[in-house]
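Down below is the structure, laid out as structure tokens.
Each chain gets a letter, A, B and so on, in the order its sequence line appears, and its residues count up from 1.
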Amino acid sequence: MTDGVVLDLREGFFGDDVVVRASGRVLRLEHDVTTRVQTGLARSLPLPVETGAQQITLEVPGLRLLEEVALPDRRPMWIGMSLVRDRQQLEVLLREEPWGYL
Amino acid sequence: MTIDHTVPPSRAADLAPIRIDDVESSPDDGSESTAAAAIRVSGLYLRPSAGLPFRRDELRLDVDGRFPQMTVSGVVRTSLRRVHWIASLTPSAAATSVWSGPIWFKDGDALLLPQTSAEVRVLGGPFGVGRKAEVRFTGSGTDLVHEYRPAGPDFDTVEFEFDQTADANPAYSIDLHGHPNRPVDLPDETMTAQKVYQRAGFRVRTTTKGPLVPTVGAGTDARWSDTEMHDAMQAHWSRFADRAQWSLWVFNAALHEQGTSLGGVMFDDIGPNHRQGTAIFTESFIATPPAGDPDAAAAVARMRFWTMCHEMGHAFNLAHSWQKSLGAPVGSPWLPLQDAPEERSFMNYPFRVAGGPTAFFGDFEYRFSDQELLFLRHAPRAFVEMGNAEWFDHHGFEDANVSPEPTIGLVARLTRSSASLEFLEPAVIELKATNLTRTPMVVDQELLGDSRRLTIVVKRDNGTAKVWRPFATALREPVGQVLLPDESMYHSVLVGAGAGGWTIAEPGWYTIQAILRLDTGEDVVSSPLRLRVEPPATFEDERVSHDLFTDDVARTLSFDGSRELTDANDVLRGVADRLPDRRIATHAQVAVGSPMTRNGKILTYDNGQEGVSVVPARPQEARSLLESALLTDQDQAARTLGHIGFRERTEALAQWLVGEGQARDAHDVLAQLGDTLAERGVKPAVVAEIRAEAGRVGATANGGAKTQRKGGR
């Protein structure tokens, strides 16, 4: 179980690139992200973020989608990122416990 | 017969293996009264197919019993054609046991059943004595009457086999009144997975299982990967076979390698036969009851049982309730479906609905939704049957809108006399679109390369059809091209590999068919192209295949090279070195050599810093590889790359040589290209074009005017 921050790339991904930044620094650069539809999860990624509140930028450059997320100072924290509305919109959720997948 | 599903303690030193006798589950789960069973008419009916003494036309009538869908469906067959049809039904006001309604779905040869409505009349006494179903098809042409005899009260028979590890705690059954949070009218009964699917319309058999699955199969971490589960399925499932069958393996284990966040998965989404295996991870998050739950043990048992039925639903090709509308590129729903995120179904997550598990289970009747039951009972059986349609395909189908007088003719072909590919040889086909009208037409010059208009389906004999998808899709402004009457345009496709994997790899016969959607809405369908992949010639071939048939190698070949996918490049170099005379070597040398002809950029990511790095050209090595691929045996190169691909790459080589100051060599390359294609019967106009370019390049070599490159990519 993590005590940091985990990013779940969830629904709607299909061969996409995903970029995660904080303070202008690239935390993660993921290629060919594809959702496994029978579970609703593509990848689960620990993020090397510092402690404390900060801004995280989540981007799907191939679809020109970008979302700024205000990460609170509480840990652990899970960020769920999905492509919704026919992959035209990014949906970002935050919670303090992990998601379950079936 | 009573089935004992008692689960022994998971930590006992001397665990007794669970034994489930090989029983034929009664189609009646015991909840239906004798009187109701006597008059129930829903079920499967059969009649002899026309001209096929050993085949039967099917009828599935669904108007009473559990969760009736007021639907009838069937299959009509002749020796060469078949059509699956579905109609909605409304009871007749004038007569009992008569229903009628419109036919709203056809899959297959719709001309075999042009009628648009169906009326069903069931005749005969109670308990099926003397019973028959008469179906009158009307509308659009002559009325047609078919008579069917009852085959049973269920729509299909399916087989389940349950296995577990010693450290798993499955819930094969639950007491529906075991937890206080439930619908007030929920019957007080014991629910099993068998009952769930019986009520969905299946006759369920539970096959005999053997001893516990050893946890050593999960490796030293005692957590199961998908590969390990596949291995376990092959080793322990008594019904395992590389074919479609109405049979399913259900595996209860402790944890997946993903950890506690994965409660279960239909893991069988690789290989030629999907959806034959499911797994439930009983010690994952589903073993943690909701905070403050009034009966934690019952909540956990319920969730384990629910998860098992959920994963089994995926094996029947059911999607999650919130994914039903997902179309291309992810999947293809069989009908225009609507997402149902609040649905009380086995296919929804209890924790996704408003109010969470408390709201879900307070309103859940241990059933599937009507939309899901419609699919399970009435969709073309190949969409549902395990090992048949690929996972998430036809969770669709769309009839091609073919005109009886097409304006364009489409041909998929090989540019070789024999439709035979060597093992390991990537399959390249050419598409040809011809103006069949008597007037010139304007079409987009990239019509055949537009993946939004073009669909290519590849099917190995006895396998499932796969839709070939390119790795890249371009968004560009259309450029018009005039096609005169009888004039054609051409395009080359590496149909053997694409996004989603290799479509042509294993030995055997394949059928390829292309469908082109025109701006007018007309669909143009090519005749099926048949080709055969030969068996491996040597043991080396088989060894190489494990490394060759990967996604990265497919990408590298598709894009004629990669500076980033170094492992794929290593594989292709190795193939070219070890199998220099084989056709795969031609493809490998082109893919490895092409990027070396010029400097190229790659993105880098180092200590959180993005950057761009330049990979320098390697001209000597490039020339050696490309000349070996394209000039040593030009006939082989043309055969395996296709005429278009061979021409493009050879002209690119010539152009590069010109840029390297080697115009004389470039002239020789082009001259040789023209001769080779002429010998292979390529159109004289094309040959003339190449020879003209050779002449221009030759003049440059002799100090003439600069050439203007024609053709190429």
Worksheet, complete the sentence: Value for CD (B/Gln258) from CZ (A/Arg43), rounded to nearest 0.5 Å, stands at 12.5 Å
Practice prompt. Tell me, for B/Ile286 versus chain A, whether the close heavy atoms (under 4.5 Å) come from the side chain, the backbone, both or neither.
Written response: side chain
Item to complete: Please look at A/Asp32 and chain B and tell me whether the side chain, the backbone, both or neither of the residue comes under 4.5 angstrom of a heavy atom of that chain.
Response: side chain
Worksheet item: Measuring heavy-atom distances to chain B, does A/Leu27 have an atom under 4.5 Å in its side chain, in its backbone, in both, or in neither?
Response: backbone
Item to complete: Find out whether A/Glu97 and B/Phe285 are in side-chain contact, i.e. whether some heavy atom of one side chain is under 4.5 Å from a heavy atom of the other.
Response: no
Fill in: Side-chain donor/acceptor of A/Arg36 to backbone N/O of B/Val265, under 3.5 Å
no
Worksheet, complete the sentence: Exactly one of B/Asp268, B/Leu318, B/Asp269 clears side chain to side chain contact (heavy atoms under 4.5 Å, CB included) with A/Gln38, and that residue is B/Asp269
Response to the item:
Okay, B/Phe471 and chain A: the region with an atom under 4.5 Å from a heavy atom over there is neither
Discussion item. One pair to check against salt bridge (Lys or Arg N to Asp or Glu O under 4.0 Å): B/Glu610 and A/Arg21. What are the steps and the verdict?
Written reply: CA-CA 11 Å; B/Glu610 295 169 316; A/Arg21 294 187 180 84; 3.4 Å; yes
Worksheet item: Are B/Phe281 and A/Leu102 side-chain neighbours, meaning at least one heavy-atom pair lies under 4.5 Å?
Response: no
Worksheet item: Is the closest side-chain heavy-atom distance between B/His314 and A/Thr39 below 4.5 Å?
Response: no
Discussion item. For a quick test of reading the model, state the closest non-hydrogen atom pair linking B/Ser261 to A/Trp99 and the distance between them.
Written reply: CB-O, 3.5 Å
Worksheet item: Given a strict heavy-atom distance threshold of 4.5 Å, which part of B/Met303 is in contact with chain A: side chain, backbone, both, or neither?
Response: side chain
